[in-house]
Amino acid sequence: MTQHATISGGHEAWVGSVKPTTPHNEAVKLKVAHLANYAFVRRSSPVPFGDACTDGALRFWVAEDAAGTFDLVARRTASAPDWGDLKWDNMPGVTGASMPGVTLVNPRKGDLVEFDVQAHLNTIANGYGQVKNYGWRIESSNATPLWLQGQGASKPPQLYAEWTRKPAKPTDLSPSGTTSLAKPIVTAHADDTTAEEDVAQVRWQIDTPATGVSPDGTSPDWDSGLQTAVALELDLSTTTSPTFAGLVLGAATYHRCLWVNASGAPSAWSDWYPITRKAKVTHTVANPAAGVVHDLTPILMATASAAIDTWRIRVVDPADPSNVLASSRVKRASGTTFSWEVPKNVLVDGEAYQAQFDTWDDESRVASSGDPRHTRTVVSFTVDDVPGVPTPTLVSVADYPAVDLAVTVSDPPDTFTFRRDGDVTDVKVDAADIYDATSGHYVFRQAAAVPLSAHEFQVRAVFDGQQSVWSNTITATVEPEGLWLVSIKHGLSVPLSGDGIDDWTVEDQVGVYDVQGRGQKVLIRNSLGALGGSFTGLLMATDSRSVKSLRADLRTMRKLNEPVRLIAADYSEDVRIWNVTDAPHPLSFKGALKRRVTFRFIESDS
């Protein structure tokens with residue numbers, strides 16, 4: 001940010017060799033002549049210490065006409081004049097080179113005389129108080145006197161300056177603490193007065209002092225020198241002039257920096273910030289080790305090289321790794337090996353995926369650019385079946401409120417995976433648990449999604465983690481008669497009969513609102529509510545089930561703290577049931593036992 005100021009008030013005087021003991025202080029006119037008269041002037045510099053002066057001018061105006069050529073120069077006064085009694089005998093000397101001179105030819109009253117004093121102001125500003133501002137002495141090459149306007153005249157001497165503010169002192173250097181990188185990207189922050197565009201160059205120092213010794217800014221282990229700024233940072237891995245050797249593992253190291261703006265004004269050095277390199281663990285991935293998994297719900301597994309605190313495994317889209325398809329979430333470690341089973345319906349045969357294995361140790365590691373707190377290993381893999389693994393066959397289907405899938409396969413598998421209409425519904429179904437010795441088949445009962453709708457079923461066998469191709473497809477339609485309460489998870493089913501379903505309703509979710517400018521209220525339908533109501537009907541023995549068996553299933557369902565499936569004609573949804581009653585029916589008799597059943601329900605997905 002460029003700033004400027006014009007300073008008119010200050011001190012001025014002139015001295016003469018003819019009367020060496022006579023002062024001419026606070027004079028309205030200032031006299032200069034070659035080796036006989038000098039004018040002195042001082043104006044306070046408005047340029048703050050450390051800022052860069054981009055323009056500086058010391059201005060005078062001619063007080064009287066003069067004939068001839070006058071070469072004038074302004075030189076920096078070497079010590080403080082005695083402005084109250086300044087004369088030839090006690091005038092101070094000058095120091096440094098004179099600034100570019102000014103040539104006047106036959107000057108006239110009111111002409112501007114302007115000296116370029118930018119370099120002088122920069123010397124003062126960057127001297128941080130060590131280079132004093134005692135003002136200037138004006139000298140002439142012509143013995144003919146030239147009069148300049150002084151204090152009290154219509155145009156007294158002026159000092160004009162433009163400057164750019166120096167960058168603020170860098171703060172909050174990062175990494176500050178522990179990093180795992182040998183050559184991290186080091187960054188810093190500034191207060192609101194400094195922005196990235198205000199910084200043209202950066203300079204970093206790194207030092208590893210002896211124990212108990214402070215870092216050395218005079219002769220540090222490494223000094224980047226001024227480097228072209230890339231934001232407010234420096235990538236130590238790409239800095240080549242000079243090249244940084246890298247942080248030593250475990251060594252207590254410090255770094256600091258300063259900034260320089262486009263005008264060359266440097267900031268103050270930042271404080272020293274500690275930085276210690278500690279290596280992260282590495283991962284050995286056990287699965288998927290070869291880039292292929294033979295299971296739609298594989299167990300992904302890895303082992304860390306050292307103790308870890310927490311871990312996470314995620315499956316992501318390789319084309320867009322930010323698209324997380326499934327995640328274990330962060331879990332507490334119980335050793336160096338960690339694993340997670342991918343849920344069903346995440347992986348698809350033949351598709352490509354990435355597995356991300358992330359671990360965190362108990363080190364208070366600082367997250368910095370290019371060095372997150374965690375260790376990540378990424379493995380790409382595809383899902384495929386294994387040629388030669390026996391393929392099962394669906395040989396029959398029996399309709400029920402659910403569907404009984406009968407499977408045959410040449411060799412006993414470990415598990416089965418079932419899918420309906422292309423979506424996996426059941427995984428890792430233990431083959432031994434569903435084997436029917438009477439038929440020699442594996443029989444699995446699966447809930448159909450919608451009664452009176454055709455569904456396609458398939459199965460695949462898994463042998464020692466290797467999956468077969470999908471079986472043949474069988475189409476089945478569930479056609480239940482009457483009303484059923486079913487819990488496939490617990491193997492419960494209760495058929496009911498009756499027509500007590502007249503009060504089943506879907507209640508809209510509505511709101512009543514006041515409308516500005518209208519007297520009546522407005523009813524607005526927000527959403528469609530859940531189906532609910534009550535049922536009254538009969539429970540009777542079937543060809544294969546006794547009333548006692550059905551009542552036992554009903555009592556168990558009543559105690560479940562979870563939804564059950566209600567099937568009635570083409571309706572099939574999970575519902576919560578309550579107020580379940582099971583009472584004797586007056587027309588029940590031996591050989592035709594029946595019970596009167598009532599309950600209330602409402603649709604529920606959890």
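As the structure is a prediction and not an experimental result, all values here were calculated from the model.
Each salt bridge (Lys or Arg N to Asp or Glu O under 4.0 Å) pair with one or both residues in residues 322-339, not counting sequence neighbours, appears once here: Asp309-Arg332.
In terms of modelled atom types and a separation under 3.5 Å, the side chain of Asn287 and the main chain of Ile299 share a donor-acceptor contact. Counting only distance, with no hydrogens or angles, the side chain of Asp414 and the backbone of Asp464 share a donor-acceptor pair below 3.5 Å. Side chain of Asp317 to main chain of Asn323: no donor-acceptor pair is present (N/O by atom type, distance under 3.5 Å, no hydrogens or angles). With Asn345 contributing its side chain and Val424 its backbone, the two residues share a donor-acceptor pair below 3.5 Å. Between the side chain of Ser468 and the main chain of Ala461, a donor-acceptor pair closer than 3.5 Å is present. Formation of a donor-acceptor pair under 3.5 Å by the Ser471 side chain with backbone atoms of Leu394 is not found in this model. Checked by atom type and distance alone, the side chain of Arg565 pairs as donor or acceptor with a backbone atom of Ser572 at under 3.5 Å. The backbone N or O of Asp358 lies less than 3.5 Å from no partner atom in the side chain of Arg312, so there is not a single donor-acceptor pair. A donor-acceptor distance shorter than 3.5 angstrom exists from the side chain of Tyr353 to the backbone of Val348, with no hydrogens or angles considered. The main-chain N or O of Thr243 is never found under 3.5 Å from a side-chain atom of Thr240 such that the two would form a donor-acceptor pair.
The SG atom of Cys257 lies 10.5 Å from the CD1 atom of Ile206; values are rounded to the nearest 0.5 Å. To the nearest 0.5 Å, atoms CH2 (Trp340) and OG (Ser327) are separated by 6.0 Å. Distance CG/Leu173 to NE2/His189: 9.5 Å, rounded to 0.5 Å. Separation of atoms CD1 (Ile577) and CZ (Arg600) is listed at 13.0 Å; rounding is to 0.5 Å. Interatomic distance, Gln354 CD to Asp320 CG, rounded to the nearest 0.5 Å: 10.0 Å. Note that CG of Asp349 is 5.5 Å distant from CD of Gln467, once rounded to the nearest 0.5 Å.
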Checklist entry - Taking it one step at a time, do His283 and Phe338 satisfy ring pair (Phe, Tyr, Trp, His ring centres under 6.0 Å)? => result CA-CA 10 Å; His283 298 149; Phe338 54 105; 5.8 Å; yes
Checklist entry - Going through the distances and angles, do Arg545 and Ser493 end up as a side chain to side chain donor-acceptor pair (under 3.5 Å)? => result CA-CA 10 Å; Arg545 301 278 302 280; Ser493 62; 3.3 Å; yes
Checklist entry - Passes side-chain contact (heavy atoms from CB on, under 4.5 Å), Val383 versus Leu296? Steps please. => result CA-CA 7 Å; Val383 182; Leu296 290 179; 3.7 Å; yes
Next on the checklist: Apply side-chain contact (heavy atoms from CB on, under 4.5 Å) to residues Thr337 and Met301 and explain how you reach the verdict.
Outcome noted: CA-CA 7 Å; Thr337 297; Met301 180 182 301; 4.0 Å; yes
Next on the checklist: Apply side-chain contact (heavy atoms from CB on, under 4.5 Å) to residues Leu560 and Ser487 and explain how you reach the verdict.
Outcome noted: CA-CA 10 Å; Leu560 293 177; Ser487 171; 4.2 Å; yes
Checklist entry - Checking side chain to side chain donor-acceptor pair (under 3.5 Å) for the pair Asp553/Thr556: CA distance, chi angles, key distance, verdict? => result CA-CA 5 Å; Asp553 280 6; Thr556 303; 5.4 Å; no
Next on the checklist: Show, in sequence, the C-alpha distance, side-chain angles and deciding distance for Leu181 and Lys183, and conclude whether the side-chain contact (heavy atoms from CB on, under 4.5 Å) test is met.
Outcome noted: CA-CA 5 Å; Leu181 301 178; Lys183 298 181 180 182; over 6 Å; no
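Counting heavy atoms from C-beta on, the side chains of Val597 and Leu554 come closer than 4.5 Å. Put simply, the side chain of Ile434 does not reach to within 4.5 Å of the side chain of Val443, judged on heavy atoms. Looking only at side-chain heavy atoms (C-beta outward), Glu603 and Asp574 stay at 4.5 Å or farther from each other. Taking the side chain as every heavy atom from C-beta outward, Thr336 and Ile308 never approach each other to under 4.5 Å. In this structure the side chain of Pro495 reaches within 4.5 angstrom of the side chain of Leu550, judged on heavy atoms. In this structure the side chain of Trp360 reaches within 4.5 angstrom of the side chain of Val330, judged on heavy atoms. Thr208 is not listed as a side-chain neighbour of Tyr254, based on a closest heavy-atom distance of 4.5 Å or more. Side-chain contact between Met540 and Ser497: present, with at least one pair of heavy atoms (C-beta onward) separated by less than 4.5 Å.
Between Pro298 and Leu347, the shortest heavy-atom contact is CD-CD1, 3.4 Å. When all heavy atoms are compared, the tightest approach of Ala307 to Val281 is O-CG1, 4.0 Å. Looking at every heavy atom in both residues, Trp311 comes nearest to Ser339 through CH2-O, 3.2 Å. When all heavy atoms of Pro563 and Ser604 are compared, the pair lying nearest together is CG-OG, 4.1 Å. Heavy-atom minimum distance, Val293 versus Pro288: CG1-CB, 3.6 Å. When all heavy atoms of Tyr442 and Pro413 are compared, the pair lying nearest together is OH-CD, 3.8 Å.
For the 3.5 Å distance criterion, the side chains of Gln458 and Thr473 qualify, holding a donor opposite an acceptor. For the residue pair Ser237 / Asp235, a side-chain donor-acceptor distance below 3.5 Å is found, with atom types taken as modelled.
Relative ring orientation between Trp204 and His255 is described as parallel, the plane-to-plane angle staying below 30° on a 0-90° scale split at 30° and 60°. Ring geometry for His455 against Phe457 counts as perpendicular: the plane angle is over 60°, on a 0 to 90° scale with 30° as the lower cut.
Remark: Lys278 NZ is loosely packed, at most 12 non-hydrogen atoms of other residues, nucleotides or ligands lying under 6.0 Å away.
When Leu300, Thr284, Val378, Thr303 are each tested for a side chain to side chain contact (heavy atoms under 4.5 Å, CB included) with Phe357, only one passes: Leu300. Partner Thr179 forms a side-chain hydrogen bond (donor to acceptor under 3.5 Å, both in side chains) with one of Thr276, Asp371, Thr253 and no other, that one being Asp371.
Legend: residues meeting salt bridge (charged side-chain N to carboxylate O under 4.0 Å, His left out) with Asp295, ordered by chain and number and at least two apart, are Lys428.
Between Lys489 and Glu562, at least one side-chain nitrogen of the basic residue sits less than 4.0 Å from a carboxylate oxygen of the acidic one, meeting the salt-bridge criterion. Taking the charged nitrogens against the carboxylate oxygens, Arg551 and Asp582 do have a contact shorter than 4.0 Å, which makes a salt bridge.
For Phe416 and Phe444, the gap between ring centers reaches or exceeds 6.0 Å.
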